[in-house]
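A, B, ... follow the sequence lines: proteins, then strands. Residue 1 opens every chain. Computed from heavy atoms alone, side chains included, the values below leave out hydrogens, waters and symmetry copies.
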Amino acid sequence: MLPQTYVADLPERIGTEATVRGWVVTTRSSGKIAFMVLRDGTGYLQCVLGKQETDPETWERFRRAPQETAVAVTGMVREDARSPGGAELSVSAVEILGEAVDFPITPKEHGTAFLFEHRHLWLRSRRQVAIMQIRHEVVQAIRDFFYERHFVLVDTPILTGSIGESAGTLFETPYFDLGTAYLAQTGQLYLEAAAAALGRVYCFGPTFRAEKSKTRRHLTEFWMVEPEMAWYDSDDNMRLQEEFVSYIVGRCLERRAQDLLELERDTAPLERVAPPFHRLSYTEAIRMLQSLGSGIEWGADLGADEETTLASQYDRPVFVYDYPKAVRAFYMKENPADPRTVRNNDCLAPEGYGEIIGGSQREDDHDKLRARIRELGLPEENYAWYLDLRKFGTFVHSGFGLGVERTVAWICGMPHIREAIAFPRMMTKLYP
RNA sequence: UCCGGAGUAGCUCAGCUGGUAGAGCAGGCGGCUGUUAACCGCCGGGUCGGGGGUUCGAGUCCCUCCUCCGGAGCCA
């Protein structure tokens, strides 16, 4: 193929001839001059062609290229303030590489149902491209954060036996002679085993919840990053979380400013994300909610409205810690100061985005953990290996899980997390 | 699963107390030397979600089913 230049590199190529391959975003023309905006994944480029400067065939091919036609355009790179991006291409040749007839996503408004039916094509639009760039930055920031701190990546299984946070919301699949396997809801329990081998570890991958949820905060398949740290108690855990979240947000502000601008995201609330985050015990949270007029009683879990109310009291993320044991998972460490509660925490994002992290110190006392498993009627034989971790050198440890799509939705300022992943899986969406 | 809302042109929608459909955009043709979702003129385009009922007559009223959207619970 011809030597090719990427749009992002054009500012360094001013005054030279270049060939750019990409897809037609829009064309505009008057009688004697025509414009084409091209997308190549690295940016957007305006191309210009004057009728007098070319032959009739090239002129027609250029000004009539329908939306999303794949083209190669060759011309001189010029600096021009009237062009979005600053650089512009004065076209001398156009080659049609792939025709596009009646592209369904027009530059006008569409409903969400239509857009998600055409997700494979919708992904090409400016907003979606910007969102994917930010997601990419979030993922890279996550990996860099842990790499820089010498955490070891341990990949946990996606196919598991019946083990996890709670039964009843697991996707099932037949598994040879062993009956049923389940798609993992979390890698945490496996990571606890890995933490005893490697100290500080994390896993990062898709997780699955067969919850029949229909809200702006839920997907049936979502990406979660879960670190697990030996010798971290609940306070150490929260310190790591605030450092982690601030690092991710900071990276997006620093490196994806253009995409945040494309999304018209007000970055002021993101600039404020820095340690320390506010900390509020569950008991304090209940008191605060009651003083704000909520009828919630001690012992009840916090709902979406309560979370939004609490988060709106602060200008940056807030931790709520030490929840009642009854509303939290079996593996959480009983609070020595108040055995009605466990040493866990949620991290609530501001601006109504709700829970982005759930974390806890883990129960490291063998007998207490086994009692809890029995108390909840969990199948003890499935947890034998997990109990082993408390028999052979048990250790203080903590960890947390951060939902990637919720984090991306918050950073992008999007109302719904389904746009935060290229091909969202939801109760009513399996196509495309 | 529960509560609320919506299915009319390719898309987004309008269509009142029943009288067999309409606007913008997209598409096609023409015009315009610097456009930024360009603009101006003309043209084609519909089993009104499916089924049943009431009526002389149903997009409109009734029943039912389906699909989608928003919210709740669950959670990341």
Side-chain angles (χ1 to χ4, degrees), chain A residues 25-37 44 46-53 59 63-64 66-68 78 80-85 88 90 100-118 122 125-127 164-170 185-188 204-226 241 245 300-308 327-329 346-349 353-359 400-410 415-418 420-421 426-429:
Chain A
V25 178
T26 53
T27 53
R28 294 179 285 275
S29 73
S30 56
K32 305 276 169 52
I33 186 165
F35 301 91
M36 172 190 284
V37 176
Y44 298 89
Q46 176 162 284
C47 309
V48 198
L49 183 62
K51 190 175 183 179
Q52 261 98 23
E53 302 148 22
W59 167 254
R63 80 183 192 98
R64 288 183 178 280
Q67 189 188 354
E68 291 306 322
R78 287 187 301 101
D80 195 316
R82 291 169 295 188
S83 170
E88 191 174 73
S90 286
V101 179
D102 294 334
F103 189 73
I105 318 283
T106 60
K108 284 287 177 181
E109 74 252 63
H110 299 283
T112 51
F114 177 82
L115 289 169
F116 279 103
E117 272 297 294
H118 297 84
W122 185 27
S125 66
R126 299 183 83 110
R127 259 188 76 83
E165 305 207 354
S166 58
T169 55
L170 294 157
Q185 293 184 315
T186 170
Q188 180 203 315
F204 189 13
T207 49
F208 307 88
R209 306 271 165 99
E211 294 158 356
K212 293 190 172 179
S213 298
K214 283 191 61 173
T215 79
R216 67 180 69 194
R217 299 184 313 283
H218 289 86
L219 298 169
T220 54
E221 175 180 320
F222 66 98
W223 280 64
M224 183 157 67
V225 55
E226 297 178 278
Q241 289 169 42
V245 170
D301 206 354
L302 268 35
D305 283 351
E306 282 88 25
E307 287 185 354
T308 303
V327 298
R328 279 297 180 267
D346 282 352
C347 177
L348 308 180
Y353 282 91
E355 185 183 345
I356 53 169
I357 287 179
F400 63 89
L402 173 129
V404 168
E405 289 77 16
R406 287 186 183 179
T407 303
V408 171
W410 164 46
H416 202 300
I417 67 165
R418 63 193 161 193
I421 185 166
M426 296 189 280
M427 238 173 93
T428 60
K429 270 174 198 56

Open item on the list: Only pairs with both distances under 3.5 Å count, Watson-Crick or wobble alike; so what is the partner of G46(B) in this structure?
Closed with: none
Task: Assigned partner base of C13(B), Watson-Crick or wobble definition, under 3.5 Å - done: G22(B)
Open item on the list: Of the options G73(B), C68(B), A76(B), whose atoms approach the side-chain atoms of Thr428(A) most closely?
Closed with: C68(B)
- [ ] Could you tell me whether the phosphate oxygens of A37(B), OP1 or OP2, come under 4.0 Å of any side-chain nitrogen or oxygen in Arg127(A)?
- [x] no
TODO: Can you figure out which of U35(B), C29(B), C75(B) approaches the side chain of Glu211(A) most closely?
DONE: C75(B)
Task: Closest nucleotide among A76(B), G34(B), C74(B) to the Met224(A) side chain - done: A76(B)
Open item on the list: Ring centres within less than 5.5 Å and planes less than 30° apart: is that true of Phe222(A) and A76(B) in this structure?
Closed with: yes
Open item on the list: Tell me the interatomic distance from Arg82(A), atom CZ, to U36(B), atom P, rounded to whole angstroms.
Closed with: 13 Å
- [ ] Grab the NE2-C1' distance between His118(A) and C11(B) for me, whole Å please.
- [x] 10 Å
- [ ] May I ask you to decide if Arg217(A)'s main-chain N or O and Thr215(A)'s side chain share a donor-acceptor pair within less than 3.5 Å?
- [x] yes
Could you go through residues 29-37 of chain A and list every donor-acceptor pair under 3.5 Å that involves a side-chain atom there, pairing it with any protein atom two or more places apart or in another chain?
residue: Ser29(A); atom: OG; partner: Arg63(A); partner atom: NH1; Å: 3.1
residue: Ser30(A); atom: OG; partner: Ile33(A); partner atom: O; Å: 3.3

Task: Sugar-phosphate only, base, or nothing, as touched by Ile357(A) at under 4.0 Å among non-hydrogen atoms - done: sugar-phosphate
Task: Whole-Å P distance, G19(B) and G15(B) - done: 13 Å
- [ ] Rounded off to whole Å, could you give me the NE2-to-P distance for the His218(A) and G71(B) pair?
- [x] 12 Å
Task: Side chain of Glu355(A) (C-beta onward), nearest among U35(B), G73(B), C75(B) - done: C75(B)
- [ ] Take atom CZ of Arg216(A) and atom C1' of C69(B), then tell me their distance rounded to the nearest Å.
- [x] 13 Å
Task: side chain to side chain contact (heavy atoms under 4.5 Å, CB included), paired with Phe400(A), selected from Val225(A), Ile357(A), Asp346(A) - done: Ile357(A)
Open item on the list: Tell me whether the side-chain N/O atoms of Arg63(A) come closer than 4.0 Å to OP1 or OP2 in G31(B).
Closed with: no
TODO: Whole angstrom is fine here: how far is it from CZ in Phe114(A) over to P in U12(B)?
DONE: 6 Å
Task: Base paired to A76(B) (Watson-Crick or G-U; both N/O distances under 3.5 angstrom) - done: none
Task: Gap in Å between the two P atoms, one belonging to C65(B) and one to C2(B), rounded - done: 12 Å
TODO: Pick the C1' atom in A14(B) and in U54(B), then give their distance to the nearest Å.
DONE: 27 Å
Task: Residue-phosphate contact under 4.0 Å: Lys214(A) side-chain N/O, C75(B) OP1/OP2 - done: no
Task: Passing candidate, side chain to side chain contact (heavy atoms under 4.5 Å, CB included) with Ile417(A), options Arg216(A), Arg406(A), His218(A) - done: Arg406(A)
TODO: Could you check which nucleotide pairs with C2(B) in any of the strands shown, counting Watson-Crick or G-U wobble with both distances under 3.5 Å?
DONE: G71(B)
TODO: Verify, without hydrogens or angle tests, whether Glu306(A) (side chain) and Gly303(A) (backbone) share a donor-acceptor contact under 3.5 angstrom.
DONE: yes
TODO: Provide the Watson-Crick or G-U wobble partner of C39(B), both distances under 3.5 Å; none if there is no partner.
DONE: G31(B)
TODO: Just call it for Glu88(A): base, sugar-phosphate, or nothing, with non-hydrogen atoms closer than 4.0 Å on any strand.
DONE: base
Task: From CG (Leu219(A)) to CD1 (Ile421(A)), nearest 0.5 Å - done: 6.5 Å
- [ ] Round to the nearest Å and state the distance from Arg328(A) atom CZ to C74(B) atom P.
- [x] 9 Å
- [ ] For nucleotides G59(B) and C16(B), find the distance between their C1' atoms and express it as a whole number of Å.
- [x] 13 Å
Open item on the list: Nearest 0.5 Å, please: how far is NE2 in His118(A) from NE2 in His110(A)?
Closed with: 9.0 Å
Open item on the list: If I take atom CD in residue Glu405(A) and atom P in nucleotide C75(B), what distance separates them, rounded to the nearest angstrom?
Closed with: 19 Å
Open item on the list: Measuring from the side chain of Ala304(A) (C-beta onward, heavy atoms only), which nucleotide among A72(B), G34(B), A76(B) has the closest atom?
Closed with: A72(B)
Open item on the list: From the set U33(B), G30(B), C75(B), return the single nucleotide nearest to any side-chain atom of Ile33(A).
Closed with: U33(B)
TODO: Tell me what Thr106(A) touches on the nucleic acid: a base, only sugar-phosphate, or nothing, going by heavy atoms under 4.0 Å.
DONE: sugar-phosphate
Task: Between C1' of C74(B) and CG of Leu170(A), the distance in whole Å - done: 13 Å
Open item on the list: Measuring to OP1 and OP2 of A38(B), would you say a side-chain N or O of Arg28(A) lies under 4.0 angstrom away?
Closed with: yes
